[in-house]
Every structure is written in C-alpha cells, then in structure tokens.
Amino acid sequence: FTVNQRGVTTLPYSAYCVDRWVTYRASGSITAGGVNVTDGNIFQKLEPALWGSLVGKTITVSVMLSTGTVKSDTVASFNGTSASFPTSNCSLGITDAGDYTLSVYTHGTIRAVKLEIGGVSTLANDVAPSYADELRRCQRYFYRLGPRDGRYTALLNGYSYTTSQARLTAFFPAPMRTAPTVSCDSWPTLYVGDAAGKNIQLTDSTQVSTLVAFGDDAAGTNCQGILLLVSLTDAGLLRYAPCLLRSNGTVNIDFSADL
C-alpha cells in the first residue's frame with residue numbers, strides 16, 4: 001500500500017484509494033502503517049491471465065496487520081469461480097460485471113496483502129519492495145502527471161496541426177496495460193501555447209481525444225505513449241509550430257488503464 005498517486009488520505013465510499021485498490025462502502029484512512037479500514041471492504045481487480053493461472057492450483061491468501069500479525073488461508077484446488085479465506089477474511093470472486101477480484105474484509109490497519117500459488121504463506125518473510133519498483137508496477141494501470149506545486153508547468157509537448165488544433169504526445173514512465181483514458185480535475189486551468197506567445201484556454205474534456213496509442217497492437221496493449229488531439233474553441237496558433245500544454249501548477253492529468 002505504499003503507492004498512493006491519487007494522494008488519498010481518507011478512504012472514499014466506493015472508489016480507488018491507494019493504487020490498484022478500490023473501496024466498497026468503506027470508511028477509514030491512509031496511515032503510515034497502511035490502510036486503516038473501519039467499515040466496508042477493499043478489493044483489487046485481477047487481470048484475466050493472472051486469474052487463469054490460479055485455476056486448479058493450491059493458493060494462499062495472507063493479510064499482514066500493522067502489528068506484524070499475519071493471517072492466512074489456503075485453498076487446495078481453486079475452481080476458477082470463487083473461494084473463501086475465513087482466517088484472513090478474504091475472498092476471490094467474479095462480479096456481475098465480470099471483474100475478477102480479490103476482496104479483503106479485514107478491519108483495522110492493513111500493511112500488506114499477498115496472493116500466491118502454494119500451500120504456505122511467505123508474506124512474513126518478504127523483504128519490503130522498493131518504492132520505485134512498486135511505483136512502476138502501479139503505473140501499468142494508472143499514471144498521474146502534473147505536480148501540485150503552484151508554479152506554471154509545461155505538461156505535454158507537440159505541435160500545432162492547424163490554427164485551432166494541437167497534437168501533443170504523452171510518454172509513460174512504464175508501459176500501461178492498454179491505451180488509457182485521459183482525465184483532468186480542472187480542464188479550464190490548462191492552456192495550449194505556441195512559440196509566438198499565443199495561449200488558448202481549454203474549456204472541457206470534449207476538446208481532448210486520443211489519435212494514436214503507441215503499443216503492441218491497435219488497442220494499445222503495453223502502451224508506451226499516446227498522441228492527443230486538442231481541438232480549441234479559439235484560433236490563432238502558428239500552424240506546424242512547436243507548442244505545449246501548460247497548467248497553473250495546481251492541476252493533474254490522469255491516465256488510467258485500470259481494470
């Protein structure tokens with residue numbers, strides 16, 4: 001639970017909190033010791049390939065609390081549909097939407113959760129992974145761009161395709177699972193500027209679309225970056241000139257390939 005790109009401090013009712021984990025009717029907070037869940041539960045969506053690799057195998061689920069206590073259970077042959085782990089208070093299941101999930105119903109401050117093949121829990125013996133490694137793994141699913149430091153910041157670079165359209169490229173620090181969706185917490189705080197000093201303000205998300213995803217296939221699998229088309233309501237850009245997308249330093253652009 002070390003990666004928290006969204007900067008969550010209080011658990012939302014039903015939404016993503018720390019990276020890869022979703023709350024369900026939950027309450028609680030993010031603490032130095034882990035995720036403190038006081039009501040509801042948290043869950044993680046698993047990729048189909050991972051889920052398929054578990055079918056027919058002996059699997060163990062473990063939960064470590066902030067006290068260092070580890071609770072674990074083993075299922076001898078996973079049926080590929082559902083499994084309960086009463087000691088760790090976890091479950092594997094498929095939602096009505098078809099998502100494969102690992103759910104944790106334990107209340108208290110949770111430091112770590114581990115799902116592994118085999119009949120013995122190894123969580124207590126694990127060396128804590130480096131933050132850099134964990135961040136790269138999480139950025140396969142979600143990447144936040146834009147420091148909140150209050151200073152004007154160039155977020156993306158590209159060129160003006162017409163006097164009212166810009167093509168901007170976003171490259172990702174780690175290949176994303178698929179071509180991500182793009183969102184922003186405040187589009188009107190973003191501007192497209194050119195070399196002549198022209199700055200045109202954005203108004204909403206409808207002005208931004210993905211032209212090309214740079215991945216292994218047309219769907220953008222293992223996506224390394226995307227080319228964005230920004231269509232402006234005002235003209236005046238120098239055509240085929242370098243331009244950039246800048247913010248006032250208080251806004252984020254989110255790229256999500258979450259399941």
Side-chain angles (χ1 to χ4, degrees), residues 1-8 12 14-23 30 35 42-54 94-95 97-102 112-115 129-148 153-159 161 166-187 190 192 202 204-231 244-247 251-259:
F1 300 113
T2 57
V3 179
N4 184 12
Q5 292 187 80
R6 295 173 176 85
V8 174
S14 292
Y16 276 95
C17 52
V18 292
D19 278 47
R20 301 288 294 117
W21 289 94
V22 187
T23 61
I30 309 300
V35 177
I42 60 175
F43 67 93
Q44 185 174 125
K45 297 179 183 180
L46 307 180
E47 293 198 43
L50 172 59
W51 185 270
S53 71
L54 303 175
I94 305 174
T95 68
D99 294 322
Y100 303 108
T101 60
L102 168 63
V113 178
K114 187 172 186 179
L115 166 65
S130 72
Y131 178 80
D133 288 342
E134 287 291 278
L135 178 61
R136 283 184 61 83
R137 290 189 181 100
C138 291
Q139 286 175 336
R140 171 173 168 78
Y141 304 93
F142 180 81
Y143 170 52
R144 171 161 285 184
L145 175 65
R148 291 181 174 273
T153 305
L155 299 176
L156 300 174
N157 296 297
Y159 68 96
Y161 183 65
R167 293 185 173 186
L168 305 170
T169 305
F171 289 108
F172 308 130
M176 302 195 75
R177 183 182 66 86
T178 189
T181 59
V182 184
S183 62
C184 177
D185 45 14
S186 181
W187 289 107
L190 296 177
V192 172
L202 276 68
D204 56 54
S205 61
T206 62
Q207 294 177 282
V208 181
S209 59
T210 299
L211 282 176
V212 179
F214 309 120
D216 294 347
D217 52 33
T221 303
N222 297 320
C223 188
Q224 299 182 38
I226 55 176
L227 178 64
L228 295 174
L229 173 65
V230 181
S231 300
L244 55 82
L245 183 70
R246 68 176 182 86
S247 81
V251 67
N252 297 312
I253 299 179
D254 290 341
F255 302 90
S256 176
D258 273 311
L259 292 155

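Please read these numbers as outputs of a predicted model, since none were measured by experiment. Residues: numbered from 1 along the sequence shown.
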Can you find a pair of side-chain heavy atoms, one from Cys223 and one from Pro180, that are under 4.5 Å apart? yes

Quick check: are there more than 12 heavy atoms from other residues, nucleotides or ligands sitting under 6.0 Å from CZ of Phe214? yes

Derivation of the side-chain contact (heavy atoms from CB on, under 4.5 Å) call for Ile42 and Val113: CA-CA 11 Å; Ile42 60 175; Val113 178; 5.6 Å; no

Which label fits Phe1 and Trp21: parallel for a plane angle under 30°, tilted from 30 to 60°, or perpendicular past 60°? tilted

Apply the test side-chain contact (heavy atoms from CB on, under 4.5 Å) to residues Arg177 and Leu259: give CA-CA distance (whole Å), side-chain angles for both, the deciding distance (0.1 Å), then the verdict. CA-CA 9 Å; Arg177 183 182 66 86; Leu259 292 155; 3.6 Å; yes

Can you sort out the partners of Tyr159 under ring-ring contact (aromatic ring centres under 6.0 Å, His included), two or more places apart, ordered by chain and number? none

Does Asn252 use its side chain to pair, donor to acceptor, with the backbone of Asp254 at less than 3.5 Å? no

Rounding to 0.5 Å, atoms CD (Glu134) and CG (Asp19) come to a distance of 10.0 Å

Please report the closest heavy-atom contact between Ala170 and Leu156, naming both atoms and the distance. CB-CD2, 3.7 Å

Dump the intermediate steps for side-chain contact (heavy atoms from CB on, under 4.5 Å) on Asp258 and Val22, then the final yes or no. CA-CA 11 Å; Asp258 273 311; Val22 187; over 6 Å; no

Correct closest heavy-atom pair for Pro173 and Gln139 would be CG-OE1, 3.1 Å

Donor-acceptor under 3.5 Å (Gln5 side chain, Phe142 main chain): yes

Any donor-acceptor N or O pair under 3.5 Å, side chains Tyr141, Glu47: yes

Rounded to the nearest 0.5 Å, how far apart are CG of Asn4 and OH of Tyr16? 14.0 Å

Under the ring-ring contact (aromatic ring centres under 6.0 Å, His included) test, residues paired with Tyr100 that sit two or more places apart: Trp51

Answer yes or no: is there a donor N or O on one side and an acceptor on the other, between the side chain of Arg167 and the main chain of Leu227, under 3.5 Å? no

Quick one: does any side-chain atom of Gln224 pair with a main-chain N or O of Gly215 as donor and acceptor, under 3.5 Å? no

Please answer whether the main-chain N or O of Ala219 pairs with a side-chain N or O of Thr178 as donor and acceptor at a distance below 3.5 Å. yes

State, without any angle test, whether Thr101 and Asp99 hold a side-chain donor-acceptor pair at a distance under 3.5 Å. no

Distance, nearest 0.5 Å, that separates CD1 of Ile226 from OG1 of Thr169: 9.0 Å

Arg20 (side chain) donor-acceptor with Lys45 (main chain) under 3.5 angstrom: yes

Not counting sequence neighbours, which residues clear ring-ring contact (aromatic ring centres under 6.0 Å, His included) with Trp187? List them please. none

If I take atom CG from residue Leu145 and atom CG from residue Leu155, how far apart are they, to the nearest 0.5 angstrom? 5.0 Å

Could you tell me the separation between the CG atom of Leu228 and the CD1 atom of Ile253, rounded to the nearest 0.5 Å? 8.0 Å

Do the side chain of Arg136 and the main chain of Ala174 share a donor and acceptor less than 3.5 angstrom apart? no

Val208/Leu202 under side-chain contact (heavy atoms from CB on, under 4.5 Å): CA gap, chis, key distance, verdict: CA-CA 9 Å; Val208 181; Leu202 276 68; 3.9 Å; yes

Determine the minimum heavy-atom distance between Cys138 and Val3, stating which atoms define it. SG-CB, 3.8 Å

Separation between OG1 of Thr2 and CD1 of Ile30, rounded to the nearest 0.5 Å: 11.5 Å

